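See structure below.
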Amino acid sequence: MVSIRDAVGAVEMTPEKPFAFSEFYLNWEGNLVIRRELLRNLGLALLCVFVVTLLLLADLWGSILVLMCVAMTLVDVAGLMHFWGLTVDTVTTIVLVLAIGLAVDYAAHVTHTFLTPHENSTTKSGRVVATLHRIGSAVWNGGFSTFLAFVLLSGSGSYVFRTFFKVFFLVVVCGLFHSLVFLPVVLS
């Protein structure tokens, strides 16, 4: 497509400039920019996650840990998408950017609860145990109810709905793992 446009663009015609067009170019045009757009949008969204969690948690280390959990969730999802037969296209790009909001929720709740004072816990390990007792089941139930909200999409014949299910399933599983297993270990 690009080489054809370059060849046609090199032709000097006056007063009109020729251009090459095909219906297939619409998809190809999107494929030319989709990776750059995905990385830019993910980067901006992660920056927003960091700034907002820094403002709301008022703790630099906690915000960095939340950002790390969200970034690791996205890396896991992107890697597992390959094994599930998904490629980077318009649908997966949109769903991945939406998934950031879901992934930040789990980690932010655990981190916020860890940062709030606990009555009988003075050590970090004790605070982690108190955090998991206090918020762990609520985060798990939130992830499970989110899964129940979109599980019916798995049987759909539509590519968009199946992709939405696959990516959000991976986000819920990886996000819960990083928030309820990885994050408490790092916090302790």
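Just so you know, these numbers come straight off a predicted model, no measurement behind them.
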(request) Could I get the full list of ring-ring contact (aromatic ring centres under 6.0 Å, His included) partners for Trp61, not counting sequence neighbours? (result) none

(request) Mind checking side-chain contact (heavy atoms from CB on, under 4.5 Å) for Ala130 and listing every partner two or more places apart, or none if nothing turns up? (result) His118, Ser121

(message) Checking the side chain of Ser188 only, and the main-chain atoms of Ser125 only, is there a donor and an acceptor separated by less than 3.5 Å?
(response) no

(message) Rounded to the nearest 0.5 Å, what separates atom OG1 in Thr146 from atom CZ in Phe168?
(response) 9.0 Å

(message) Ring-plane angle category for Phe182 and His178, please: parallel below 30°, perpendicular beyond 60°, tilted otherwise.
(response) perpendicular

(message) If you compare all heavy atoms of Leu80 against all heavy atoms of Cys174, which two are closest, and at what distance to 0.1 Å?
(response) CD1-SG, 4.0 Å

(message) Test of understanding: clusters of I, L, V, M, F, W, Y form through side-chain heavy atoms closer than 4.5 Å, transitively. Do Leu183 and Val75 belong to the same one?
(response) no

(message) Grouping I, L, V, M, F, W and Y whenever their side-chain heavy atoms are under 4.5 Å apart, do Ile100 and Ile64 come out in a common cluster?
(response) yes

(message) Do Val104 and Leu44 sit in one hydrophobic cluster, given that two such residues count as connected whenever their side-chain heavy atoms are within less than 4.5 Å of each other, even indirectly?
(response) no

(message) For a 4.5 angstrom cut-off between non-hydrogen side-chain atoms, does Leu170 reach Trp84?
(response) yes

(request) Write down the atom of Ser179, the atom of Tyr106, and the distance for their closest heavy-atom approach. (result) OG-CB, 3.1 Å

(message) Within the 4.5 Å heavy-atom criterion, are Pro184 and Leu132 side-chain neighbours or not?
(response) yes

(message) Using a 3.5 Å distance criterion without hydrogens, assess whether the side chain of Arg162 forms a donor-acceptor pair with backbone atoms of Ser154.
(response) no

(request) Any chance you could pull the hydrophobic cluster mates of Phe177, using side-chain heavy atoms under 4.5 angstrom and chaining through other members? (result) Val181

(message) Quick check for you: to the nearest 0.5 Å, what is the distance between Met68 atom CE and Thr111 atom OG1?
(response) 9.5 Å

(message) Donor-acceptor pair, distance only, cut-off 3.5 Å: does the side chain of His109 make one with the backbone of Asp105?
(response) yes

(message) Between Thr131 and Leu187, is the side chain to side chain contact (heavy atoms under 4.5 Å, CB included) condition met? List the steps.
(response) CA-CA 10 Å; Thr131 295; Leu187 288 173; 5.8 Å; no

(message) Here's a test for you: under side-chain contact (heavy atoms from CB on, under 4.5 Å), which of Asp89, Thr93, Leu39 qualifies with Ile34?
(response) Thr93

(request) Could you state whether Leu153 and Val151 fall into the same hydrophobic cluster, counting links through intermediate Ile, Leu, Val, Met, Phe, Trp or Tyr residues with side-chain heavy atoms under 4.5 angstrom apart? (result) yes

(request) Indicate whether any N or O donor in one side chain lies under 3.5 Å from an N or O acceptor in the other, for Thr73 and Asp76. (result) no

(message) To check you understand the geometry: which heavy-atom pair defines the closest contact between Leu96 and Met81, and what is its length?
(response) CD1-SD, 4.0 Å

(message) To the closest 0.5 Å, what do you measure between CG (Leu74) and SG (Cys69)?
(response) 11.5 Å

(message) Quick check for you: to the nearest 0.5 Å, what is the distance between Ile94 atom CD1 and Leu98 atom CG?
(response) 7.5 Å

(message) Can you confirm whether Phe161 is buried at CZ, in the sense that more than 12 heavy atoms of other residues, nucleotides or ligands lie under 6.0 Å from that atom?
(response) no

(message) Let me confirm one number: the CZ-OG distance from Phe144 to Ser137, rounded to the nearest 0.5 Å.
(response) 14.0 Å

(message) Check for me, please, whether Val186 and Val49 land in the same ILVMFWY cluster - side-chain distances under 4.5 Å, paths through other members count.
(response) yes

(request) Determine the interplanar angle of the Phe147 and Phe165 rings, folded into 0 to 90°, and report it as parallel if under 30°, tilted if 30 to 60°, perpendicular if over 60°. (result) tilted

(message) I'd like to know if the side chain of Thr92 reaches the main chain of Thr87, judged simply by a donor and an acceptor atom lying under 3.5 Å from each other, with no hydrogens or angles considered.
(response) yes

(request) Please name the residue in the list Leu54, Thr53, Leu65 that meets the side-chain contact (heavy atoms from CB on, under 4.5 Å) test with Leu60. (result) Leu54

(message) Quick check on Tyr159: does its OH atom have over 12 non-hydrogen neighbours (other residues, nucleotides or ligands) under 6.0 Å away?
(response) yes

(message) I'd like to know if the side chain of Thr116 and the backbone of Thr113 have a donor-acceptor N/O pair within less than 3.5 Å.
(response) yes

(request) Can you see which heavy atom on Leu176 is nearest to which on Val139, and at what distance? (result) CD2-O, 3.6 Å

